[in-house]
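Per chain, numbering begins at 1; letters A, B, ... match sequence-line order. Given the structure is predicted, the values throughout are model-derived calculations rather than measurements.
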Amino acid sequence: MTRVTRREFLATSGTGLGLLATGCAPALKGDFAPKTGRRVVVIGGGWGGATAAKYVRLADPSVEVVLLEPGRRFVSCPFSNLVLSGVRTIDSLTFGYGGLRKHGVRVLHETATAIEPDARRVRVGEGYLQYDRLIVSPGVEFQTEQVEGLAEAGDQVLHAWKAGPQTVMLAERLRAMPEGGVFVLTVPPVAYRCPPGPYERVCQVAWYLKNAKPRAKLIVLDANQNVVSKTALFRAAWQAYPNLEYRASNKVVKVDPGVRQVTTEFGDTVKYDVVNLIPPQRAGTIAVQADLVSADKRWCEVNHVTYESVKHPNVHVIGDSTIGLPVPKSGNIANAMGKISALAVVRLLNGKEPQALAPGNTCYSWVNDKEAIAVVNAYKIDGGKVVQIEQKLTPGQSAQWGQHALGWAASIWNDMLG
Amino acid sequence: MRTTLAVLVVLAVASGAAAGPLDAPGADKAVVCSACHGPGGQSPSNVMPILAGMPSWYLKKAVQDYAAGRRPSPEMEPYAKQVLQLGVDEIAAYFSGQTRQPAAVRPDAAAVERGRAAAAQCVVCHAASGKGDPGKGIPDITGQPQGYLQSQMLLFKADRRSPGDESLKALKAFFRQIADEQIVDLAAYYSSLR
Ligand SMILES: Cc1cc2nc3c(=O)[nH]c(=O)nc-3n(C[C@H](O)[C@H](O)[C@H](O)COP(=O)(O)OP(=O)(O)OC[C@H]3O[C@@H](n4cnc5c(N)ncnc54)[C@H](O)[C@@H]3O)c2cc1C
């Protein structure tokens, strides 16, 4: 897998279905790409969807795969906290979809607007695509309405929780912050994308401030009662950052960019120079609209072996949008679910019993520019359900785990997109 | 000839399926491994060992050592338990059946030459080819990423790989006499061997 080149970027707007996806093409109408054989449509070309699309092709090249993803580039959330500290560039985390095309995946840069499970169709604007089975991996959406003032604030208040332009903007604001400034970072209540992610971000911002703006301060307002993941390891790492103030059970319910202030549910106010507000989350919008979510209207329940939705047949949901499995919302898990769901879908299409396969998880977190910590989870299928076999943590932080993190990233990016 | 072809085509249409790389036995059970060891066990990094083409006896031994906590690794201990759960024989057979490609990071040519000379000390166990001897429990160390080979030799030296294992005591004493710089060269050399 290579990073996107200009040539590849141009090529993506050229051939086959891709032509229909370009901005200047006529609007999509009717059955704009009639099915010729058995077809799997994948919604979302992130960690889960890109993997699933590739693995369906690897498992059975006679199955046609169409991937719907509005973004022309894949930007990795894992390692994006290092962009804030300036340890990595966003370009080093940005990849093209050329690798998937080489596997015969038809990548369409479009947004799915609705799912019609009875007709087995995905709507794309005025047109539609037919499928035999559908894999949905739309990631998370922010519950902006849960924080007063957030919707109106627009880009004045950044989440940077989907790697991309916001990540770069937040890094710029951090650089431009006054010497003795205050950076406020808020952590949403569980369940949210990447349990250790906010705390890794705390490390990266604190590391940057310690070196570049030693008089500045980082205040963390956590809606949860304690650090949600790798608690002891993060708390040990934070010993190196006297500029960090961590406040548990401080759920932020209001933001006012006019006076640069957030308010907690107990009415306490905290002033900031730069804020990073990570909002509460739910499944991607398409999953909510398509009635794939449970009664709480937040997350999707699935069969633990096939990832088929418990609500609609032939529709499989993977990645951050799912709930009910004892797994974190991580890229590693989304990748594993992508592979397992792809194998299950192919077996179902071929009239075979799906294999009972469990995912695995490893989350490396960078605690400074070189050292990392990790949590590892192994699982099995027991009575049709995913059950954890074991969880292990690294004994402390070290550059060795940092090296392993780099090895993991090289492999998993290749596994998804190469 | 023509009839055979026609029959094949009819069969293919009847079942509707086509064979992909994941049809190899055991491939499905190994899907979680590629997150670190790369697709088909062909690790693209300098850090993670390549599993493609690894003799099954050695993969099985490594998995058993990790699962029992004899060879400490926070990553591999849980995954090794998962492998035992799924059936280590099938997974080992799958990886041993994959063709090993050269490691992605090519070692420095001068280091390879220095390593070639220094490797005289290793042939008694790992053989001139570097392919080892299954009968004596000595692994094939050819074609692994340089960084991985280096890290393992340093772990032996510090008694951090399989600490306290009596059968490896002599090996660790032996590594303690080798300078770290020479370990880099030895890793370069064995990484370059096919
Ligand atoms: C700062 C940060 C650090 C992280 N670090 C790690 C880490 O170190 N390790 C780790 O394992 N995980 C990490 N994660 C978590 C990881 O990024 C997510 O768990 C992972 O991206 C989930 O994959 P997904 O496929 O569910 O969603 P995504 O990867 O977000 O993919 C969803 C895709 O669907 C597309 N989409 C949405 N709606 C539609 C639609 N209607 N039509 C078409 N396409 C649509 C979106 O454009 C998007 O590309 C981190 C996350 C963050 C924010």
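B:Asp133 places a side-chain N or O within 3.5 Å of a backbone atom of B:Gly135 that can act as its donor or acceptor partner. Here the side chain of B:Asn46 pairs a donor or acceptor atom with the backbone of B:Gly147 at under 3.5 angstrom. Put simply, the side chain of A:His103 never gets that close to the backbone of A:Tyr55: no donor and acceptor are under 3.5 Å apart. The backbone N or O of A:Thr306 sits less than 3.5 Å from a side-chain atom of A:His316, completing a donor-acceptor pair.
Contacts between residues 172-194 of chain B and chain A, counted as heavy-atom pairs separated by less than 4.5 Å, involve no residue at all. Residues of residues 332-344 of chain A that come within less than 4.5 angstrom of chain B, heavy atom to heavy atom, are A:Asn332, A:Asn335, A:Lys339, A:Ile340, A:Leu343 in numerical order. Residues of residues 72-108 of chain B lying under 4.5 angstrom from chain A, judged on non-hydrogen atoms, are B:Pro74, B:Glu75, B:Glu77, B:Pro78, B:Tyr79, B:Lys81, B:Gln82, B:Gln85, B:Leu86 in numerical order.
Proximity of the aromatic rings of A:Trp401 and A:Tyr364 is defined here by a centroid distance below 6.0 angstrom, and this criterion is not met.
With a 4.5 Å cut-off on non-hydrogen atoms, B:Ala19 touches chain A through its backbone but not through its side chain. Using a 4.5 Å cut-off between heavy atoms, A:Ala374 makes no contact with chain B at all. Looking at A:Pro359, the atoms closer than 4.5 Å to chain B (heavy atoms on both sides) all sit in the backbone: N, CA, C or O. Of the atoms belonging to A:Ile381, not a single heavy atom falls under 4.5 Å from chain B. For B:Asp28, the parts lying near chain A are the backbone and the side chain together; criterion is any non-hydrogen pair under 4.5 Å.
The closest side-chain donor-acceptor pair between A:Asp132 and A:Asn314, if any, does not fall under 3.5 angstrom. For the residue pair B:Tyr66/B:Arg71, the side-chain donor-acceptor check at 3.5 Å is satisfied. Defined by atom type and a distance below 3.5 Å, a donor-acceptor pair is present between the side-chain atoms of B:Arg161 and B:Gln152.
For the set A:Leu406, A:Leu58, A:Ile412, A:Thr362, the count of heavy-atom pairs under 4.5 angstrom toward chain B peaks at A:Leu58. Interface check for chain A: of the options B:Ser34, B:Ser45, B:Pro39, B:Ser151, the most heavy-atom pairs under 4.5 Å are formed by B:Ser34. With respect to chain B, the highest number of heavy-atom pairs below 4.5 Å among A:Gln400, A:His404, A:Met416 belongs to A:His404.
Contact of the A:Cys194 side chain with the A:Pro196 side chain is registered, since non-hydrogen atoms from C-beta on lie closer than 4.5 Å. In this structure, A:Cys363 and A:Ser229 have side chains that are not in contact, with every pair of non-hydrogen atoms separated by 4.5 Å or more.
The residues A:Asp320 and A:Arg193 are annotated as salt-bridged, a charged nitrogen and a carboxylate oxygen being separated by less than 4.0 angstrom. Between B:Arg70 and B:Asp65, at least one side-chain N (NZ, or NE/NH1/NH2) sits under 4.0 Å from a carboxylate O, which counts as a salt bridge.
Paired with A:Glu64 under the rule side-chain hydrogen bond (donor to acceptor under 3.5 Å, both in side chains), one option of A:Arg38, A:Arg106, A:Arg57, A:Lys35 passes, and it is A:Arg106.
Rounding to the nearest 0.5 Å places CG of A:Leu349 at 12.5 Å from CZ of A:Arg347.
Relative ring orientation between A:Trp47 and A:Trp408 is described as parallel, the plane-to-plane angle staying below 30° on a 0-90° scale split at 30° and 60°.
Residue pairs satisfying the side chain to side chain donor-acceptor pair (under 3.5 Å) criterion with at least one member in residues 366-378 of chain A, sequence neighbours excluded, are listed as follows: A:Asn361-A:Asn377, A:Asn368-A:Glu371, A:Glu371-A:Gln397, A:Asn377-A:Gln388, A:Asn377-A:Gln391.
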